[in-house]
There are 2 protein chains.
Amino acid sequence: MPQTNTPTRILDASEKLFSEEGLQGVSLRRITKEADVNLASIHYHFGSKENLFRRVLERRIEPLNAERLELLGTVESGGAQGVLSLEAVLEAFLAPAVRLRYNRSGTGALFSALMGQIFQNPDTEIRSLATKMFREVSLRFLSALGRALPGRSEEERRWGFHLMFGTAAFALSAPGSLIGDGNPLPDDPEEALARLVSFLAAGMRSHGPSQGEGA
Amino acid sequence: MPQTNTPTRILDASEKLFSEEGLQGVSLRRITKEADVNLASIHYHFGSKENLFRRVLERRIEPLNAERLELLGTVESGGAQGVLSLEAVLEAFLAPAVRLRYNRSGTGALFSALMGQIFQNPDTEIRSLATKMFREVSLRFLSALGRALPGRSEEERRWGFHLMFGTAAFALSAPGSLIGDGNPLPDDPEEALARLVSFLAAGMRSHGPSQGEGA
DNA sequence: GCTTGAATCATACGAACGTTTCAATCAGTC
DNA sequence: GACTGATTGAAACGTTCGTATGATTCAAGC
């Protein structure tokens with residue numbers, strides 16, 4: 001008797017293999033082998049490979065979104081007279097992802113690597129599958145950024161949010177760095193979070209072309 | 001009669017399709033169709049799919065590396081008493097990539113998207129293929145960063161370089177953003193460059209956990 | 001104008017793919 | 001303990017993959 005039921009075993013194996021071997025690089029047969037289930041059971045429980053993939057994402061993203069909104073809510077409710085701390089807003093967005101990335105079971109690292117792949121995937125369908133799941137939360141944080149960085153144009157805030165998301169996705173994803181081996185992520189999640197927040201807050205405060213000491 | 005020779009047509013079609021449809025998602029048959037060449041000519045000219053991919057990368061990366069080193073050379077030779085401008089070092093690294101990204105032919109945008117995919121690819125072979133091509137230049141810039149950000153530990157400089165590379169790779173790659181459609185990259189390459197330099201310089205100057213106004 | 005080597009062609013190979021089918025098994029109910 | 005619906009099993013479907021093969025075409029040298 002297996003320790004968990006078939007759909008869960010399929011989801012676990014899929015998350016692991018999609019993450020480790022790429023979205024297009026994994027066959028259903030490989031998944032069934034890893035999960036120790038029959039080939040037909042994937043179609044029985046999930047209907048298709050695409051739908052299986054969607055469920056793999058939803059399982060992690062929905063709790064992530066809920067946690068982000070909850071943290072943002074406390075930040076917003078504590079904000080004096082409409083002004084929010086940029087660091088607090090960034091931390092509300094990043095902390096759940098960072099802590100997931102470092103979770104004990106290792107599933108967070110797998111999922112983070114998967115996210116990195118998804119947002120660089122050329123397939124519009126795959127990207128929009130994921131972006132849809134993040135849309136509502138993204139819009140809420142974008143508007144919170146308006147209260148944390150008053151005076152910026154909508155376009156500047158979008159660019160800042162875009163860079164923030166991309167930088168975090170890159171930093172938290174598994175692949176190694178250009179120099180040496182492995183990802184230079186700190187061992188401690190709270191230090192990683194603090195570094196990311198400080199890096200990104202400084203970047204977002206920098207005022208584009210017209211600032212800096214020039215080259 | 002085709003306007004270019006067979007190997008070049010294969011390289012052009014491969015760059016386009018690898019970029020638009022993913023590294024694993026493109027078949028040699030699809031490439032031969034796009035390039036209007038015979039299936040066997042790929043193995044005749046390139047030996048294997050993997051070697052074809054390597055040549056696609058080399059064709060763009062080698063000029064990119066040369067340009068970066070040349071720019072860094074002028075920055076270093078102008079540096080007074082061993083101290084370098086952080087913005088100047090960052091610009092030497094980023095400018096060639098940004099200008100390539102915006103090149104008239106559109107090949108730069110394809111290549112940038114390809115780079116984004118590669119560094120999030122779970123296949124260690126594929127990543128190391130690319131990182132090897134960047135290794136020498138990365139080490140040179142890492143040491144230049146030491147002269148632009150004196151007092152930082154080796155580990156902090158690596159982390160900064162890592163984030164810089166990832167942020168730029170994400171910003172310059174093609175895929176759309178989480179909000180709205182399309183990449184919020186500015187239309188003007190020089191503005192994109194200035195924004196990236198200012199964002200990243202500010203981020204790299206921020207001093208990790210111990211700084212910032214806290215959350 | 002025949003020879004030669006590079007280049008291109010149509011075709012075939014075995015393997016692996018996502019999906020489908022239908023029989024076998026299982027748990028729960030009367 | 002037969003019935004029933006949910007689940008699992010083994011096998012096969014047609015398609016596509018990277019690669020290999022051997023004939024054919026072509027330009028250049030003599």
Side-chain angles (χ1 to χ4, degrees), chain A residues 1-59 114 117-118 121-127 129, chain B residues 1-59 114 117-118 121-127 129:
Chain A
M1 267 293 116
Q3 55 272 46
T4 53
N5 61 10
T6 300
T8 301
R9 291 221 311 289
I10 292 173
L11 285 175
D12 289 342
S14 300
E15 180 174 65
K16 177 171 190 288
L17 293 175
F18 280 138
S19 165
E20 290 176 351
E21 304 181 15
L23 313 186
Q24 288 97 343
V26 176
S27 68
L28 294 186
R29 284 167 176 81
R30 181 85 183 75
I31 292 174
T32 62
K33 204 174 163 187
E34 176 83 20
D36 195 28
V37 300
N38 188 270
L39 177 56
S41 64
I42 291 188
H43 282 88
Y44 178 76
H45 289 288
F46 296 96
S48 69
K49 190 182 186 180
E50 180 186 331
N51 200 252
L52 165 61
F53 179 64
R54 182 198 323 273
R55 298 274 296 275
V56 167
L57 294 189
E58 280 176 353
R59 187 168 66 142
L114 193 49
Q117 288 181 53
I118 287 169
N121 199 286
D123 187 334
T124 308
E125 293 286 326
I126 287 180
R127 284 204 316 276
L129 196 70
Chain B
M1 271 295 115
Q3 56 271 46
T4 52
N5 61 9
T6 300
T8 302
R9 292 220 310 288
I10 292 174
L11 286 175
D12 289 343
S14 300
E15 181 174 63
K16 177 172 190 289
L17 293 175
F18 280 138
S19 164
E20 289 176 351
E21 304 181 15
L23 313 186
Q24 289 96 344
V26 175
S27 69
L28 294 185
R29 284 168 177 82
R30 182 83 184 76
I31 292 174
T32 62
K33 204 174 163 188
E34 176 83 19
D36 195 28
V37 299
N38 188 270
L39 176 56
S41 64
I42 291 188
H43 282 87
Y44 179 78
H45 289 288
F46 296 95
S48 70
K49 191 181 186 181
E50 180 187 331
N51 201 253
L52 165 62
F53 179 64
R54 181 199 322 274
R55 296 275 296 275
V56 167
L57 294 189
E58 280 176 353
R59 187 168 66 142
L114 193 49
Q117 287 180 53
I118 288 169
N121 200 287
D123 187 334
T124 308
E125 293 285 327
I126 286 180
R127 286 205 315 277
L129 197 71

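Small disclaimer: the values here were computed from a predicted structure and weren't measured. The basis for the numbers below is simple: all heavy atoms, side chains too, and nothing from hydrogens, waters or symmetry mates. Each chain gets a letter, A, B and so on, in the order its sequence line appears, and its residues count up from 1.
From L129(A), atom CG reaches atom CZ of R54(A) across 5.0 Å, with rounding to the nearest 0.5 Å. Atoms CD and CD, on E50(B) and E125(B) in that order, are 6.5 Å from each other to the nearest 0.5 Å. The line from CG of L23(B) to CG of N121(B) is 5.5 Å long, rounded to the nearest 0.5 Å. Within the model, atoms CD1 of I31(B) and NZ of K49(B) stand 6.5 Å from one another, a figure rounded to the nearest 0.5 Å. The CD1 atom of I42(B) sits 10.0 Å away from atom CZ of R29(B), with the distance rounded to the nearest 0.5 Å.
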Might you list the N or O atoms of the protein lying below 3.5 Å from N or O atoms in nucleotides 13-17 of chain C, with each pair's distance?
residue : atom : partner : partner atom : Å
dC17(C) : OP1  : S27(A)  : OG           : 2.8

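For T8(B) against R59(B), the heavy-atom pair with the smallest separation is CG2-NH1, 4.4 Å.
Taking 4.0 angstrom as the limit, N38(B) places none of its side-chain polar atoms (N or O) nearer than this to OP1 or OP2 of dA7(C).
Between the C1' atom of dT8(C) and the CG atom of L39(B) lies a distance of 12 Å, rounded to the nearest Å. I42(A) places its CD1 atom 13 Å from the P atom of dT20(C), with the value rounded to the nearest Å.
Annotation: of the two residues near DNA chain D, A40(A) and H43(B), the 5′-most nearest-nucleotide partner is A40(A).
Counting only heavy atoms from C-beta outward, the side chains of L114(A) and L57(A) approach each other to under 4.5 Å. Residues Y44(B) and N38(B) form no side-chain contact, since every pair of their non-hydrogen atoms from C-beta on lies 4.5 Å or further apart.
Boundaries of the chain B contact region on DNA chain D are dC17(D) to dT21(D), first to last in 5' to 3' order (nucleotide atom under 4.0 Å from a heavy atom).
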